Undergrad: 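Take a look at this one; I'll ask things after.
Sequence lines set the chain letters: A, B, ... in the order given, protein chains first and strands last, and positions in each chain run from 1. What you see is a predicted model; the values in this text were computed from it and never measured.
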Number of protein chains: 2
Amino acid sequence: MRRDVFQAIADPTRRAIMALIAMQAMTPNAIAEHFDTTRQAVSKHLRILTECELITQEQQGREIYYQLEIEKMKEIDKWLEQFRAIWEKRFSQLDQLIATIKKQKKA
Amino acid sequence: MRRDVFQAIADPTRRAIMALIAMQAMTPNAIAEHFDTTRQAVSKHLRILTECELITQEQQGREIYYQLEIEKMKEIDKWLEQFRAIWEKRFSQLDQLIATIKKQKKA
DNA sequence: TATATTTGAAACCAATTGGTTGCAAATATA
DNA sequence: TATATTTGCAACCAATTGGTTTCAAATATA
């Protein structure tokens with residue numbers, strides 16, 4: 001079974017769960033209340049997110065609090081870097097072009 | 001059919017294709033040569049990437065050159081921003097903590 | 001013009017996915 | 001102790017996915 005961050009964030013419900021618990025940890029029941037699906041469906045999403053270490057859990061009595069593992073998100077950021085390098089390069093090239101045009105106008 | 005950037009980048013072959021054509025446009029045949037799968041499988045990936053506007057094509061005779069639409073990548077970057085805000089906040093809090101400890105050491 | 005090359009599209013297939021229902025385990029409460 | 005709550009897990013199901021084979025269209029070349 002393939003289990004990585006990219007596959008995890010492919011599902012819109014999972015992205016919504018991530019955004020929901022980003023600021024504060026929540027229990028599965030509390031999370032499920034925010035969605036139209038059943039608790040079990042949310043539970044499966046939480047399992048997938050846990051498997052790829054995007055969230056961690058903390059047991060408190062019979063309740064389990066899930067929280068976002070923000071460090072893991074940097075993996076996506078790191079992958080994006082190679083492309084960010086390209087668009088920043090293009091931007092600076094555009095910048096130079098504008099500078100050249102301005103120079104020509106002055107002359 | 002759900003067709004968005006997040007679903008598109010979920011597949012490792014598609015991510016590899018994106019990285020491959022990021023610097024220069026390539027034909028489906030040329031792209032397929034870099035992978036173990038058939039040309040048709042690559043073609044299907046190209047279709048999916050095209051449908052969510054992550055790549056664009058340019059016909060040259062009977063060849064079609066595919067290139068990465070780097071602007072579309074910013075959509076992922078934009079989504080990441082909400083989480084980046086969190087980790088930068090945590091970093092600055094850590095920064096403050098270190099500063100406080102240093103202060104205490106001096107005193 | 002006949003043939004080869006490049007490509008997309010359709011039909012099909014096995015594996016995976018997101019979802020459901022039902023159940024058992026653990027913890028809290030009466 | 002008996003009951004209620006919170007939760008994960010297994011079994012099952014329809015839809016989607018990534019892949020294959022086959023075919024047709026368009027363009028280049030002999």
Undergrad: Whole-Å distance between dT16(C) C1' and Asp11(B) CG?
TA: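 Rounding to the nearest Å, CG of Asp11(B) and C1' of dT16(C) are 12 Å apart.
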Undergrad: Please tabulate the protein-to-nucleotide N/O contacts below 3.5 Å involving nucleotides 4-7 of chain D, giving atom names and distances.
TA:
from	atom 1	to	atom 2	distance (Å)
dT5(D)	O2	Arg62(A)	NH1	3.1
dT7(D)	OP1	Ile64(A)	N	3.3
dT7(D)	OP2	Asn29(A)	N	3.2
dT7(D)	OP2	Asn29(A)	ND2	2.8

Undergrad: Which side chain to side chain donor-acceptor pair (under 3.5 Å) pairs, counting each pair once, include a residue from residues 27-39 of chain B, with sequence neighbours left out?
TA: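 Checked against side chain to side chain donor-acceptor pair (under 3.5 Å) - neighbours excluded - no pair reaches residues 27-39 of chain B.
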Undergrad: Rounded to whole angstrom units, what separation is found between the CZ atom of Arg47(A) and the C1' atom of dT17(C)?
TA: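 Going from Arg47(A) (CZ) to dT17(C) (C1'), I get 13 Å.
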Undergrad: Map Asp36(A) and Gln59(A) onto DNA chain C by nearest heavy atom, then report which one ends up closer to the 5' terminus.
TA: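 Whichever sits nearer the 5' end wins; that is Asp36(A).
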Undergrad: Do Lys44(A) and dG8(D) have a side chain to base donor-acceptor pair shorter than 3.5 Å?
TA: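 Checked by distance alone, the answer is no.
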Undergrad: Between CZ of Arg15(A) and CG of Asp4(B), what distance do you get to the nearest 0.5 Å?
TA: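 These two atoms lie 5.5 Å from each other.
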Undergrad: Tell me the interatomic distance from Glu33(B), atom CD, to dT7(C), atom P, rounded to whole angstroms.
TA: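 Computing the Glu33(B):CD to dT7(C):P distance gives 10 Å.
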Undergrad: With Phe83(A), which residues qualify under ring pair (Phe, Tyr, Trp, His ring centres under 6.0 Å), at least two apart?
TA: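 With sequence neighbours excluded, Phe83(A) shows a ring pair (Phe, Tyr, Trp, His ring centres under 6.0 Å) to Trp79(A), given in chain and number order.
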Undergrad: Can you tell me how far the CE atom of Met26(A) sits from the CD atom of Gln67(A), to the nearest 0.5 Å?
TA: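 Going from CE on Met26(A) over to CD on Gln67(A), the span is 13.0 Å.
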Undergrad: Select one nucleotide: of dG18(D), dT20(D), dT20(C), the one nearest the side-chain heavy atoms of Thr37(A).
TA: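 Nearest listed nucleotide: dT20(C).
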Undergrad: dG19(D) phosphate, OP1 or OP2: any side-chain N/O from His45(B) under 4.0 angstrom?
TA: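 Checking His45(B) against dG19(D): at least one side-chain N or O falls below 4.0 Å of OP1 or OP2.
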Undergrad: State the CD1-CD distance between Ile64(A) and Gln59(A), to the nearest 0.5 angstrom.
TA: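 Answer for the CD1-CD pair, Ile64(A) versus Gln59(A), is 4.0 Å.
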Undergrad: Can you measure from CG (Leu49(A)) to CZ (Arg3(A)) and round to the nearest 0.5 angstrom?
TA: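 Answer for the CG-CZ pair, Leu49(A) versus Arg3(A), is 9.5 Å.
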Undergrad: Sequence neighbours excluded, which residues qualify as side chain to side chain contact (heavy atoms under 4.5 Å, CB included) partners of Gln60(B)?
TA: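 If we apply the side chain to side chain contact (heavy atoms under 4.5 Å, CB included) test to Gln60(B), skipping adjacent residues, the hits are Glu58(B), Tyr65(B).
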Undergrad: Round to the nearest Å and state the distance from Ile55(B) atom CD1 to dG8(C) atom C1'.
TA: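 In whole Å, dG8(C) C1' and Ile55(B) CD1 are 13 Å from each other.
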Undergrad: Thinking salt bridges, do Lys72(B) and Glu75(B) make one under a 4.0 Å N-O criterion?
TA: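 Looking at Lys72(B) and Glu75(B), the cut-off is met.
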Undergrad: Separation of Glu51(B) atom CD from dG18(D) atom C1', in whole Å?
TA: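 The distance from CD of Glu51(B) to C1' of dG18(D) comes to 14 Å, rounded to the nearest Å.
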Undergrad: If only side-chain N and O atoms of Gln7(A) are considered, is one of them under 4.0 Å from the OP1 or OP2 phosphate oxygen of dT17(C)?
TA: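 For dT17(C), OP1/OP2 do have a side-chain N/O of Gln7(A) under 4.0 Å.
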Undergrad: Stem list for DNA chain D, please, built from Watson-Crick and G-U wobble pairs under 3.5 Å and keeping only runs of at least 3.
TA: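 When the pairs of DNA chain D are grouped into runs of at least three, the stems are C:1-30 with D:1-30.
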Undergrad: May I have the distance from Gln57(B) (atom CD) to dT6(C) (atom P), rounded to whole angstrom?
TA: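 My rounded result for the distance is 17 Å.
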Undergrad: Can you tell me how far P of dG18(C) sits from CD1 of Ile9(A), to the nearest Å?
TA: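 Computing the Ile9(A):CD1 to dG18(C):P distance gives 13 Å.
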Undergrad: Under the side-chain hydrogen bond (donor to acceptor under 3.5 Å, both in side chains) test, which residues partner Arg84(B), sequence neighbours left out?
TA: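 Applying side-chain hydrogen bond (donor to acceptor under 3.5 Å, both in side chains) to Arg84(B) gives Asp77(A), Asp77(B).
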Undergrad: If you find the nucleotide of DNA chain C closest to Gly61(A) and the one closest to Leu46(B), which residue's nucleotide is nearer the 5' end?
TA: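 Whichever sits nearer the 5' end wins; that is Leu46(B).
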Undergrad: Measure the distance from CD1 on Ile31(B) to C1' on dT7(C) and round it to the nearest whole Å.
TA: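 Checked: the CD1 to C1' distance equals 12 Å.
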